[in-house]
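Keep in mind that the numbers below use all heavy atoms, side chains included, and drop hydrogens, waters and symmetry copies.
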Amino acid sequence: MHPARLLLDTVRLRGASAPEQLALEWARADVRGLAQLVAIEGCTIWLYRRLRQLDVLDNIEPEFGRWVITRAREEIARNLLIETEAQALSGHLQEMGVPAVFLKGVARRLAVDHYPFADARVTGDVDVLIPARRARAAWHGLRLLGYERTNPSGPPRPDHHHLPALWSEREVGVELHTTHAQGVPPDESWRRHYLTGMDVERGGQRFRVPSATELLWSGMAHGLLHPEIAFLLVFLFDAAVIWTSDAALDWPEIRRRLDAGEIVDRNAAAAWLGAAVELAGVEPPAVLAGRVTPYDLEHALRMRLAVLRHVRLPSALRTPFVWWTSERARKTS
């Protein structure tokens, strides 16, 4: 089995090859360039957990196996730190009497009991939506608690959809959003995410997170804001874990937003949904007929691996997803 196909089959959430076959293939896999591919795709924790389930970590090429274990543990530790920050932030906002809904990656992590494997994705910061009229007071309240700006020299952006990013001594970025996306009115964003959201429990605390529909939609919309990285597994994973969770999804509403052009490039949206379908191992619902384009995800991974087998990236660039997002946050926060 080609290594790119093997990687895809291993992390695919449904419809993969039999575990016995995957274990046999990993024991004899040519892993040249695969570490770089896994790092770029942002799927190290995900792969680590699947290899443990297959009980093959001791049977694969030793250097690659050690790399997967070490890298996954580093990312897991970072994710735990982010969850600790989310817990602290939730407590601070509750003390201020400010309602909040946690967004994006941290929301999927907090709701892992509803979305299996959702905590296997590397997460960069803590995004939280609060009522626009309370945002500045809450931001200054956090400053009084010791939170500092991540980029003190950044210019003010009064019309931006979140206030300047903050962090505490944990050095985890915190973004207080007044809306989930530029151009969406705060009241509409609040209705979509808080009023139709759900409460989840994590670490003895309760958190408000968006509904499954909003998590899937925001995963696609946020990913496609940056087409140069939108089709990496790490972004497709955001929709795949929701799609395969058996949670109720409002597909007519997703179709309505697609038809209304909430994502401007409809062809890109259709291809992205096709790639998410391939990763999830599911069939798109009939209501999305004509709005999902088949996408050859295996071919894309093969092409990337072919390049990476001939090009060794500098260590600082072996994780373009992490590097790109952190550099963007540094420049714009």
Side-chain angles (χ1 to χ4, degrees), residues 45 74-116 118-152 154 160-181 186-187 189-212 214-215 218-219 222 238 241-242 325-326 329 333:
I45 300 175
E74 290 173 353
E75 292 183 358
I76 289 168
R78 175 65 179 173
N79 277 356
L80 290 173
L81 188 61
I82 286 171
E83 189 169 320
T84 299
E85 181 58 60
Q87 291 172 338
L89 179 63
S90 177
H92 295 324
L93 292 174
Q94 287 177 22
E95 289 175 0
M96 296 177 196
V98 178
V101 53
F102 287 81
L103 303 174
K104 299 191 286 190
V106 71
R108 284 182 289 271
R109 180 170 183 81
L110 294 170
V112 66
D113 290 343
H114 297 267
Y115 311 119
D119 59 342
R121 185 240 213 253
V122 62
T123 303
D125 55 12
V126 175
D127 295 276
V128 61
L129 178 69
I130 62 178
R133 68 183 185 282
R134 306 290 301 276
R136 292 218 161 266
W139 189 88
H140 286 291
L142 291 176
R143 293 299 307 274
L144 291 174
L145 291 171
Y147 282 74
E148 299 178 354
R149 290 189 60 177
T150 60
N151 182 15
H160 199 66
H161 63 287
H162 66 74
L163 278 71
L166 300 172
W167 60 12
S168 66
E169 71 280 357
R170 283 176 287 273
E171 295 190 352
V172 172
V174 169
E175 293 181 354
L176 298 184
H177 288 247
T178 55
T179 177
H180 67 285
D187 287 348
S189 184
W190 189 251
R191 183 193 69 78
R192 288 187 183 186
H193 290 81
Y194 189 90
L195 298 183
T196 67
M198 64 179 183
D199 290 331
V200 298
E201 186 171 328
R202 185 78 168 167
Q205 280 184 258
R206 296 192 71 78
F207 300 85
R208 190 75 170 172
V209 299
S211 67
E214 296 304 337
L215 283 175
S218 66
H222 184 259
D238 292 348
V241 293
I242 305 299
T325 51
S326 61
S333 295

Run the side chain to side chain donor-acceptor pair (under 3.5 Å) test against [X] and tell me which residues pass, sequence neighbours left out.
X      : result
Asp238 : Arg108, Arg121
Gln94  : Ser90
Thr123 : none
Arg191 : Glu188

Tabulate below the donor-acceptor pairs under 3.5 Å that side-chain atoms of residues 137-144 make, not counting sequence neighbours, or state none.
| from | atom 1 | to | atom 2 | distance (Å) |
| --- | --- | --- | --- | --- |
| Trp139 | NE1 | Pro164 | O | 2.8 |
| Arg143 | NE | Tyr147 | O | 2.9 |

Worksheet item: Do Asp125 and Ile82 pass the side-chain contact (heavy atoms from CB on, under 4.5 Å) test, and can you show the C-alpha distance, the side-chain angles, and the key distance before you say yes or no?
Response: CA-CA 7 Å; Asp125 55 12; Ile82 286 171; over 6 Å; no
List the residues meeting ring pair (Phe, Tyr, Trp, His ring centres under 6.0 Å) with [X], not counting sequence neighbours, and say none if there are none.
X      : answer
Phe102 : Phe207
Trp167 : none
His177 : His161, His162

Worksheet entry | Ser189 vs Leu129, side-chain contact (heavy atoms from CB on, under 4.5 Å): CA-CA, chis, key distance, verdict | CA-CA 9 Å; Ser189 184; Leu129 178 69; 3.7 Å; yes
Worksheet entry | Qualifying salt bridge (Lys or Arg N to Asp or Glu O under 4.0 Å) pairs, either residue in residues 94-106, two or more places apart | Lys104-Asp127
Worksheet item: With sequence neighbours left out, which residue pairs that include part of residues 80-91 fulfil the salt bridge (Lys or Arg N to Asp or Glu O under 4.0 Å) condition?
Response: Glu83-Arg109, Glu83-Arg202, Glu85-Arg170
Does the side chain of [X] reach to within under 4.5 Å of the side chain of [Y], using non-hydrogen atoms?
X      : Y      : answer
Val172 : Val126 : yes
Val209 : Val106 : no
Met198 : His114 : yes

Response to the item:
Residues at least two apart in sequence or cross-chain that pass side chain to side chain contact (heavy atoms under 4.5 Å, CB included) with Ala120, listed by chain then number, are Ile45, Trp46, Arg49, Phe117, Phe237
Response to the item:
Taken in chain and number order and not counting sequence neighbours, the residues that satisfy side chain to side chain contact (heavy atoms under 4.5 Å, CB included) with Ala212 are Tyr115, Ile242, Ala247, Leu249
Discussion item. To check you understand the geometry: which heavy-atom pair defines the closest contact between Pro131 and Pro99, and what is its length?
Written reply: CD-O, 3.3 Å
Discussion item. I need the Leu145 CG to Leu89 CG distance, nearest 0.5 Å.
Written reply: 10.0 Å
